[in-house]
Amino acid sequence: MIKRTIYIGSPAYLRLKQKQLVVENPEDKSIKGTVPIEDMALLMLDHYQITLSNQLLLKLQGNNVAVVSCDAHHLPFAMMLPLYGHTEHSDRIKHQLEASEPLKKQLWKQTIEQKIKNQQALLKMNDKPYEQMDLYWQHVKSGDTTNCEAKAAQHHWKYLFENFTRERFGNSPNNLLNFGYAVLRSIVARALVSSGLLPVLGIFHRNKYNPYCLADDIMEPYRPFVDKMVYNYISQYGVPEKLTKECKAYMLNIATQDVWIDGVERPLMVAVTTTTASLYKCYEGELRQIKYPTLD
Amino acid sequence: MLSDTNRFNAYRIMWVLVFFDLPTETKKERRAASQFRKKLIDDGFTMFQFSIYLRHCPSRENAKVHTKRVKSILPKYGKVCILEITDKQFGNMELFHGVKPIEVPQPVQQLELF
């Protein structure tokens with residue numbers, strides 16, 4: 001089932017009452033709304049004047065809700081997830097830890113292949129030069145030793161937007177992309193936890209400062225869906241100067257984007273759980289192919 | 001291209017309505033009635049009228065879950081009615097306060113901004 005995303009962007013007092021999240025206005029104590037906790041997937045806190053109770057936090061974590069807080073630039077800064085979200089947690093982690101190096105390299109190969117295919121589909125959809133991408137995804141080696149990912153990315157960014165350089169803190173629409181990716185990352189991390197996997201232990205990313213390596217691995221083929229949303233936004237409204245509330249509301253819809261996965265059409269948030277479940281099966285040895293969405 | 005909206009169309013979204021008439025003669029009965037009401041709220045139902053509660057469900061499957069839950073908390077005495085309708089049907093409802101028409105509750109959004 002598709003769960004709900006709640007974004008708090010104004011002063012609020014959040015508390016728990018009868019298994020509901022209650023959003024209260026701190027000025028006049030009026031109740032702005034209630035949401036059943038079991039229906040939630042993501043709670044985004046984007047204002048300095050938000051207060052929430054510990055009991056609420058516990059309940060949110062008990063229901064595997066990703067709590068994301070944003071910094072002064074209104075970009076997601078921290079994420080809070082339960083330590084375990086699956087009953088077979090230790091058993092599953094054992095499989096994950098024991099995964100062999102060749103298996104991880106194979107999984108990484110599949111991930112990059114699908115990412116490039118999705119990038120290609122996005123270029124094709126918008127009548128940009130896409131033929132060259134064939135070359136990249138056909139030549140992905142185990143563990144992507146020839147670094148086709150970077151070559152494809154270069155091509156992708158060169159042709160997708162005009163006069164654009166992809167940088168972490170670069171000009172717009174970089175901020176829009178960053179916001180979208182951060183939301184996507186929290187959706188993926190949440191799904192990993194609910195499949196009983198450790199988001200810390202990546203298959204390719206191994207930066208010792210990164211607590212969500214596996215989320216960064218698994219989200220790769222999903223990134224073009226964010227790119228697609230940003231592209232559509234820009235072609236409709238032009239390049240936004242700032243990351244406004246409307247921009248963020250638009251980008252938060254990433255969770256409900258329909259994608260094709262494993263022969264069926266699903267909202268992205270549901271597809272991510274299909275992917276993480278298949279990832280576990282790969283670790284366990286039941287599957288050889290990780291299930292990723294296709295962009296069309 | 002896939003449309004973004006077909007997953008949330010008015011024929012998939014369901015509303016579960018619970019109507020009840022519970023005896024409140026004795027203290028015990030009043031307690032049973034208020035317990036039932038509290039459990040409904042715990043499950044995400046909101047009051048529509050004094051003894052009518054409703055809940056928005058994003059799919060038929062989800063509506064079944066909540067119907068089942070209501071069945072599991074039924075009070076021993078009194079009448080309870082559970083009704084599942086589509087958002088389309090729900091949206092056709094006409095509501096009045098006195099003679100003044102009022103707005104029908106809106107289905108919840110997947111994304112909610114506060």
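Every chain is numbered from 1, with letters handed out A, B, ... down the list of sequences.
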When the 4.5 angstrom heavy-atom criterion is applied to A:A12 and chain B, the contacting part is neither

By side-chain contact (heavy atoms from CB on, under 4.5 Å), B:I41 pairs with (sequence neighbours left out) A:Q18, B:R37, B:Y53

Under 4.5 Å to a heavy atom of chain B? For A:A255 that would be side chain

Exercise. Taking atom NZ of A:K19 as the centre, does the number of heavy atoms from other residues, nucleotides or ligands within less than 6.0 Å exceed 12?
Worked result: no

Taking every heavy atom of A:E38 against every heavy atom of B:D43, the minimum-distance pair comes out as OE2-OD1, 3.4 Å

Output for pair (B:H66 NE2, A:D39 CG), nearest 0.5 Å, gives 5.5 Å

Under a 4.5 Å heavy-atom criterion, the part of residues 24-33 of chain A in contact with chain B comprises A:K32, A:G33

- Contact check, side chains of B:P58 and A:R4, non-hydrogen atoms, under 4.5 Å: no

Quiz prompt | A:K245, NZ atom: more than 12 neighbouring heavy atoms under 6.0 Å | solution = yes

If one checks every heavy atom of B:K39 against chain A at 4.5 Å, the contacting part turns out to be neither

Worksheet item: Any chance CZ of B:R30 has more than 12 other-residue heavy atoms, nucleotides or ligands included, within less than 6.0 Å?
Response: yes

Report task. Give a yes or no on this: more than 12 heavy atoms of other residues, nucleotides or ligands lie within 6.0 Å of atom CD of A:Q55. Result -> no

*Look at atom CZ of B:F90 and say whether more than 12 heavy atoms of other residues, nucleotides or ligands are closer to it than 6.0 Å.*
yes

Crowded around B:F50 CZ? As in, over 12 foreign heavy atoms under 6.0 Å?
-> no

Note: A:P36 and B:G44 closest approach over all heavy atoms is CG-CA, 3.9 Å

message: Tell me whether the count of non-hydrogen atoms from other residues, nucleotides or ligands lying under 6.0 Å of CD in B:E25 goes above 12.
response: no

